[in-house]
Amino acid sequence: NSRKYTTVAESFKIIPQIISDEARARDNFVAFHSQKWLSPGKFVLSEEHAWEKVFVPFWLFRGTFRYDYSYRVGLKDDSGKIVEWKSMPWSEGARFVANENEDAMQICGTFQYRFDFIDTLKPGKVGVDMAVCERPGDMAEPDAIDMKRSLAWNFAWRNVYAKEERALRALLEQKHKNTSIDCVKLRLTGVPNFSKVVHLPAYIVRYTYGEKINVHGERIPSKFYAMVSAVSGRVASNEHISVKKSAVLGGIGATLAMGVSTAMRSMLGYNAAAWSFFDYVFTSSGVAAACALLAQVLPETIRQNKEYELFSQFDEGFNFGNNEEHLQVLKDREIERMLKEWTRWEQGTKDPCDPEKRKLWAENLWNAHRSRLEKMRILDREREEAQKRRRADSEREMRREARWGPRKRSIDTEGMSHKRNLDYLGFYQVLGLDPSNFVTQHEIKQKFYKKVLRYHPDKHSCSESKAEAKKVFQRLIRAYEVLKHPATRKKYDAGEWNEP
């Protein structure tokens, strides 16, 4: 019954199962929900709940990494108060290799299941021997791999980034014991050297427990699912509060509170009204019902509130600057933005939701990140070309001066020499750009479209304003025709362009 499968030009194998029946999986599930006193235990499932055998695909990577780091050190005075923050220069960190046996390099290859559940079922956590991989004949076909290799490598890179950032922060805190550490920044680069796919057998059960309030204010049953590894028996599931135990605890607490209050009033000399048997029953029943209702609705309400607060914090941190900043700063901000967006994706996909929507959300995030990185690479190339042009102009000017001598400069009445006008025809000015700063072709195009929409003659109804807008519009067209081509722009910047 041993077979090999091929997908995405890579071979993968099946890890053998140890738990061969769903009875043991059910026992492990019940034991997981019996660890705490308020846990529901065996009451969370009924006998009609069916267990499903699945094969969960995992991408396994091996990669080479290196990182640079920077941080701030808080300088303290004699009283221990921080008086100054000193920024440390960027330093080169370690180079290391992360292999497929590490948890960070094991990524679930499907969007069908929650990633926090899958984390407990990783091959590295269950102690699987990768050398022995055979497929049992009684198992169903494995789940399809719907995560691309590039996206899976991005998840592995983020895991390594988080791991190295924690280790670096601990190392710096140990190094600077008597000072404070802040703003630890990490620039991690990595290249995948090897990848393969394995399938981990597991059992999955879908059930309803408790209630939640939907957007219409209605109470509906909460749907959950749990997974049990068929290799180690580890359980991945939500933790629940027993409704029956909560009701019993609330009723007993109410009865004891009534009895204690009556005894205290008698001891203090107050005329305590006697509680009848019906008073005890009515009060205890009401408190028990309230506790049961809270046990059903409160956990889901608390989870939703935490998720809302977390998303609000992410939204506040999504201001990442503009293209006028240094390119490396833009890259650092892009990494920060990517980490925030993927953390939000992980928090937002914990509930049972449509796998296709979960997949579409992840692919859109990944494509947007790659698009922003490509724009940065284009910006980097444009800046390099501009620097080459400046160096070429400087070398040409040095050769000219070596042969013909320095240029003559006119002196004004105050004895100050006139500098060459960088925008002698006003092309940059009409577009709203400053030629003394670095201006990219993308910024010229962006400013031109913005100005054209504003000064187009059809946008103005008054004859005077229309005539004035027409002049500016023609001026914009002429300026853009010269500046949009690197060759003509180079002549204009060198002062060698003459209007025909």
Side-chain angles (χ1 to χ4, degrees), residues 2 4-18 55-69 91-111 113-135 142-143 145-172 184 186-202 227 229-234 236 335 338-339 342-343 346 362 366 369:
S2 177
K4 289 185 178 180
Y5 300 85
T6 302
T7 179
V8 200
E10 302 217 10
S11 63
F12 65 88
K13 299 180 180 180
I14 309 300
I15 299 174
Q17 64 172 348
I18 297 177
F55 271 125
V56 184
F58 282 89
W59 282 99
L60 305 184
F61 291 98
R62 185 188 307 139
T64 304
F65 296 88
R66 66 172 298 274
Y67 66 85
D68 300 330
Y69 65 94
S91 304
E92 184 177 351
R95 299 173 182 266
F96 59 95
V97 176
N99 57 47
E100 62 273 20
N101 293 324
E102 300 181 19
D103 294 342
M105 307 299 285
Q106 301 171 356
I107 308 300
C108 181
T110 179
F111 293 97
Y113 313 111
R114 287 173 46 172
F115 268 51
D116 55 335
F117 282 7
I118 293 298
D119 187 63
T120 63
L121 305 179
K122 287 183 177 180
K125 290 184 177 294
V126 300
V128 174
D129 183 8
M130 298 297 177
V132 182
C133 296
E134 296 181 355
R135 178 180 183 271
D143 291 345
I145 303 174
D146 53 6
M147 179 184 290
K148 298 180 180 179
R149 180 178 179 273
S150 59
L151 181 55
W153 170 252
N154 180 62
F155 277 100
W157 182 91
R158 290 193 308 111
N159 293 340
V160 175
Y161 184 95
K163 178 182 176 181
E164 293 300 322
E165 185 180 32
R166 291 192 299 267
L168 177 62
R169 185 177 293 274
L171 181 63
L172 294 176
V184 178
L186 191 69
R187 292 174 182 171
L188 179 70
T189 57
V191 177
N193 302 328
F194 169 79
S195 65
K196 68 176 180 180
V197 178
V198 298
H199 279 69
L200 184 73
M227 303 183 72
S229 172
V231 179
S232 66
R234 296 186 62 175
I335 295 300
M338 182 190 68
L339 295 174
W342 280 114
T343 304
E346 291 176 348
W366 176 231
H369 171 63

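All values below come from the heavy atoms of this structure, side chains included, with hydrogens, waters and symmetry mates left out. Small disclaimer: the values here were computed from a predicted structure and weren't measured. The first residue of the sequence shown is numbered 1, and numbering continues consecutively from there.
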- Check M105 against G63 and note the closest heavy-atom contact, atom names and distance. CE-N, 3.9 Å

- Task: Of all the heavy-atom pairs spanning N159 and A104, show the shortest one and how long it is.
- Result: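 Shortest heavy-atom contact: ND2-O, 3.2 Å.
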
How many angstroms lie between atom [atom1] of [X] and atom [atom2] of [Y], to the nearest 0.5 angstrom?
X    : Y    : atom1 : atom2 : answer
R158 : I335 : CZ    : CD1   : 11.0 Å
R166 : L171 : CZ    : CG    : 14.5 Å
E164 : R66  : CD    : CZ    : 13.0 Å

- Item | salt bridge (Lys or Arg N to Asp or Glu O under 4.0 Å) partners of R187, counting only residues at least two apart |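 Once residues adjacent in sequence are excluded, the partners of R187 under the salt bridge (Lys or Arg N to Asp or Glu O under 4.0 Å) criterion are D332.
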
In the structure I gave you, are the side-chain heavy atoms of [X] and [Y] within less than 4.5 Å of one another anywhere?
X    : Y    : result
V231 : L200 : yes
L188 : V160 : yes
F61  : W153 : yes
I107 : F58  : no
W342 : W366 : yes

- Message: For V56 and M227: C-alpha separation, side-chain torsions, deciding distance, then whether side chain to side chain contact (heavy atoms under 4.5 Å, CB included) applies.
- Response: CA-CA 10 Å; V56 184; M227 303 183 72; 3.8 Å; yes

- Item | F96: ring pair (Phe, Tyr, Trp, His ring centres under 6.0 Å) partners, not counting sequence neighbours | F65

- Message: Test salt bridge (charged side-chain N to carboxylate O under 4.0 Å, His left out) on D146 and K148; report intermediate values, then the result.
- Response: CA-CA 7 Å; D146 53 6; K148 298 180 180 179; over 6 Å; no

- Message: Whether the N193 and T64 side chains hold a donor-acceptor pair (N or O, under 3.5 Å, no angle test) is what I'd like checked.
- Response: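 Short answer, yes.
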
- Message: Can a side-chain donor-acceptor contact be found between S195 and R149 if the only test is distance below 3.5 angstrom?
- Response: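 There is such a pair (donor and acceptor under 3.5 Å, judged by atom type) between the side chains of R149 and S195.
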
- Query: Do K122 side-chain atoms and Q106 backbone N/O form a donor-acceptor pair below 3.5 Å?
  - Reply: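 Answer holds: yes.
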
- Within 45 degrees of the axis of the six-membered ring of F117 and under 6.0 Å from its centre: does R114 put its NZ or CZ there? yes

- Chi angles and distances behind the ring pair (Phe, Tyr, Trp, His ring centres under 6.0 Å) call for W59, F155: CA-CA 10 Å; W59 282 99; F155 277 100; over 10 Å; no

